[in-house]
There are 2 protein chains.
Amino acid sequence: MATTEVTATISDAEWRVMRVVWTLKQADSRTIISLLEKQHDWKAPTIKTLIGRLVKKGALGTTKQGRQYIYTPQINEQAAMDAALLTELEQMCAMHRGTALVHVVDQLDLSRGDVETLIAHLEQKLPTAPASVPCDCLPDDCEGSCDA
Amino acid sequence: MATTEVTATISDAEWRVMRVVWTLKQADSRTIISLLEKQHDWKAPTIKTLIGRLVKKGALGTTKQGRQYIYTPQINEQAAMDAALLTELEQMCAMHRGTALVHVVDQLDLSRGDVETLIAHLEQKLPTAPASVPCDCLPDDCEGSCDA
DNA sequence: CTTCTTTGACTACAAATGTAATCATAATTT
DNA sequence: AAATTATGATTACATTTGTAGTCAAAGAAG
């Protein structure tokens with residue numbers, strides 16, 4: 001078994017919950033609820049529901065401490081992010097992914113270190129990068145493909 | 001009014017439909033259905049439903065041609081991709097977005113041109129890139145933040 | 001003209017999701 | 001001990017999504 005099974009499907013709202021638990025490393029419901037009530041217009045029961053679903057999905061683990069639970073992430077944040085992003089991109093036309101990345105890189109705040117790492121990785125890819133990546137939106141090669 | 005309103009929320013299954021219409025520029029239901037039946041285990045009625053939902057959402061436009069419809073994309077593919085990707089990333093911890101992009105860049109097939117463009121844009125960002133991007137998972141500055 | 005087929009319209013239905021109320025029990029406070 | 005509060009468990013409910021069946025009208029085929 002991998003230590004970090006990134007199998008669970010985490011919805012948008014659930015993702016908000018995971019973010020605070022990931023950041024805190026572990027937390028009881030009181031903490032999670034009070035933090036999230038500040039960020040959203042969510043009622044406590046809503047957050048409880050989300051926590052419950054995450055536990056059922058295996059994204060959060062519980063340790064009973066007296067009458068309460070301490071929740072801990074069962075999946076790695078970075079791994080979950082990587083997987084979600086890759087899944088999202090793979091669902092889009094391969095031919096346009098590069099441009100999408102360019103737009104995203106333009107709009108996001110990235111640290112100097114991240115920018116440098118990205119450049120390094122890209123430069124390493126350059127030599128073997130194909131001249132073009134074809135559209136993969138149609139079955140096999142149904143003549144028609146995305147325009148260039 | 002912007003020509004390309006990327007407001008509609010397109011689900012995963014619907015995205016598959018959009019991809020073929022985007023690629024073909026326009027298509028009648030027969031064409032869409034036969035192409036998608038090859039790529040998925042979808043029955044014709046399923047695809048009809050998806051097309052109908054996309055029309056209702058405003059993602060596809062219709063032109064009546066005799067008894068049939070010709071469907072055309074009402075939103076731009078690249079713009080939709082950019083927006084979806086940005087939305088996905090913005091829902092994640094700002095501190096880890098850079099790393100996620102690195103992983104994605106490593107795993108994706110990118111054309112030489114895309115790689116070059118990415119490098120160019122990144123190099124342009126380098127001078128003004130901040131030393132670090134802080135975690136934004138907790139309200140304001142609730143002392144705790146993601147580890148470095 | 002009658003029958004088969006194509007195509008769009010309408011209906012169906014379970015699972016996931018967003019959002020929350022209620023309830024019971026354990027803990028705290030008076 | 002009684003009243004209050006906190007916490008997890010259970011239930012609720014509309015919407016979205018995935019997946020598909022049914023039906024009627026319009027054409028095509030015989």
Side-chain angles (χ1 to χ4, degrees), chain A residues 6-21 24 26-72 75 80 84 87-88 91, chain B residues 6-21 24 26-72 75 80 84 87-88 91:
Chain A
V6 188
T7 5
T9 256
I10 298 172
S11 76
D12 287 359
E14 288 162 3
W15 199 277
R16 304 299 313 194
V17 177
M18 288 306 293
R19 283 179 65 175
V20 350
V21 187
L24 298 176
Q26 69 171 69
D28 55 29
S29 71
R30 136 167 306 314
T31 306
I32 299 173
I33 289 170
S34 73
L35 288 178
L36 285 173
E37 278 179 332
K38 289 182 196 166
Q39 308 185 53
H40 305 276
D41 286 323
W42 289 346
K43 310 296 176 191
T46 299
I47 302 168
K48 286 182 187 178
T49 297
L50 294 173
I51 293 173
R53 288 178 184 169
L54 285 166
V55 171
K56 183 178 339 181
K57 285 180 181 181
L60 286 180
T62 57
T63 307
K64 196 132 198 167
Q65 196 199 22
R67 63 234 106 278
Q68 303 182 213
Y69 288 123
I70 302 295
Y71 299 96
T72 43
I75 62 181
T87 297
E88 179 86 6
Q91 150 173 292
Chain B
V6 188
T7 4
T9 256
I10 298 172
S11 76
D12 287 0
E14 288 163 4
W15 199 276
R16 303 300 312 193
V17 177
M18 288 306 293
R19 283 180 64 176
V20 349
V21 187
L24 298 176
Q26 70 171 68
D28 54 30
S29 70
R30 134 165 311 310
T31 306
I32 299 173
I33 289 170
S34 73
L35 288 177
L36 285 173
E37 279 180 330
K38 289 183 198 168
Q39 309 185 53
H40 305 278
D41 286 323
W42 289 345
K43 311 295 176 192
T46 298
I47 302 167
K48 287 182 187 178
T49 297
L50 293 173
I51 294 174
R53 287 177 184 169
L54 285 166
V55 170
K56 182 177 343 181
K57 285 180 181 182
L60 286 181
T62 56
T63 307
K64 197 130 199 170
Q65 196 199 20
R67 63 232 103 279
Q68 304 182 214
Y69 288 122
I70 301 295
Y71 299 95
T72 43
I75 63 183
T87 296
E88 179 86 4
Q91 150 174 291

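Within every chain, numbering begins at 1; the chains are lettered A, B, ... in the order of the sequence lines, protein sequences first and strands thereafter.
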J.: Quick one: are B:Met18 and B:Ile75 in side-chain contact, heavy atoms under 4.5 Å?
T.: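 Side chain of B:Met18 against side chain of B:Ile75, heavy atoms only: contact under 4.5 Å found.
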J.: Write down the distance between CG (B:Leu54) and P (D:dG18), rounded to a whole number of angstrom.
T.: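 Nearest whole value for this atom pair: 10 Å.
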J.: How do A:Ala13 and A:Gly66 order along DNA chain C: which one's closest nucleotide is nearer the 5' end?
T.: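 Its nearest nucleotide being more 5', the pick is A:Ala13.
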J.: Side chain of B:Lys57 only, please: which of C:dA9, C:dA20, D:dT17 is the nearest?
T.: D:dT17
J.: Counting C-beta onward and ignoring hydrogens, is there a side-chain heavy-atom pair between A:Tyr71 and A:Ser29 closer than 4.5 Å?
T.: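 Yes; the side chains approach each other to less than 4.5 Å.
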J.: Determine the minimum heavy-atom distance between B:Gln91 and A:Trp15, stating which atoms define it.
T.: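 For B:Gln91 and A:Trp15, the tightest heavy-atom pair comes out as O-CD1, 3.2 Å.
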J.: Grab the CG-P distance between B:Leu60 and C:dG8 for me, whole Å please.
T.: 12 Å
J.: Let me know the distance between NZ of B:Lys48 and C1' of C:dT11, rounded to the nearest Å.
T.: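 It works out to 14 Å between those atoms.
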J.: With a 3.5 Å cut-off and heavy atoms only, can you find an N or O donor on one side and an acceptor on the other between the side chain of A:Ser11 and the base of C:dA16?
T.: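 Answer no: no donor N or O sits under 3.5 Å from an acceptor.
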J.: D:dT19 base to B:Arg53 side chain: any donor-acceptor pair below 3.5 Å?
T.: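 Indeed there is one.
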J.: What is the distance from CG of B:Leu50 to C1' of C:dG8, rounded to the nearest Å?
T.: 15 Å
J.: What integer distance in Å separates A:Lys43:NZ from C:dT22:C1'?
T.: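 Checked: the NZ to C1' distance equals 16 Å.
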J.: Apply the side-chain hydrogen bond (donor to acceptor under 3.5 Å, both in side chains) test between B:Glu14 and each candidate in B:Arg19, B:Arg53, B:Lys57; give the one that qualifies.
T.: B:Lys57
J.: Where the side chain of B:Gln68 is concerned, which of C:dT7, D:dA20, D:dG8 is the nearest nucleotide?
T.: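 Taking heavy atoms from C-beta onward, the closest nucleotide is C:dT7.
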J.: Side chain of A:Arg67: nearest nucleotide among D:dG8, C:dA26, D:dG18?
T.: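 Taking heavy atoms from C-beta onward, the closest nucleotide is C:dA26.
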J.: I need the CD1-P distance between A:Ile47 and D:dA9, as an integer number of Å.
T.: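 Checked: the CD1 to P distance equals 17 Å.
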J.: Heavy atoms from C-beta onward define the side chain here; which of C:dG18, D:dA6, D:dA20 lies closest to that of A:Arg30?
T.: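 Within the option list, the nearest is D:dA6.
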J.: Can you find a heavy atom in the side chain of B:Arg16 that is under 4.5 Å from one in the side chain of B:Leu50?
T.: no
J.: Using whole Å, report how far NZ of B:Lys56 lies from C1' of C:dA9.
T.: 11 Å
J.: Between C:dT19, C:dT17, D:dG18, which nucleotide gets closest to the side-chain atoms of A:Thr49?
T.: C:dT19
J.: Taking any heavy-atom pair under 4.0 Å as a contact, classify A:Thr46: base, sugar-phosphate, or nothing.
T.: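 If one applies the 4.0 Å heavy-atom cut-off, A:Thr46 turns out to touch a base.
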J.: Heavy atoms under 4.0 Å, any strand shown: does B:Asp28 hit a base, just sugar-phosphate, or nothing?
T.: nothing
J.: Any idea which of C:dT19, C:dG18, D:dT19 is nearest the B:Trp42 side chain?
T.: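 From the listed options, D:dT19 comes nearest.
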J.: Are side-chain heavy atoms of B:Thr72 and B:Leu60 found at a separation under 4.5 Å?
T.: no
J.: Counting only side-chain heavy atoms from C-beta out, which of D:dG18, D:dG8, C:dA20 sits nearest to A:Tyr71?
T.: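 My answer, after comparing the listed nucleotides, is D:dG8.
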J.: Among the nucleotides C:dT22, D:dG21, D:dG8, which one has an atom lying closest to any side-chain atom of A:Pro45?
T.: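 Comparing C:dT22, D:dG21, D:dG8 against the side chain of A:Pro45, the answer is C:dT22.
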J.: Rounding to an integer number of Å, can you tell me how far B:Ile51 CD1 sits from C:dC10 P?
T.: 16 Å
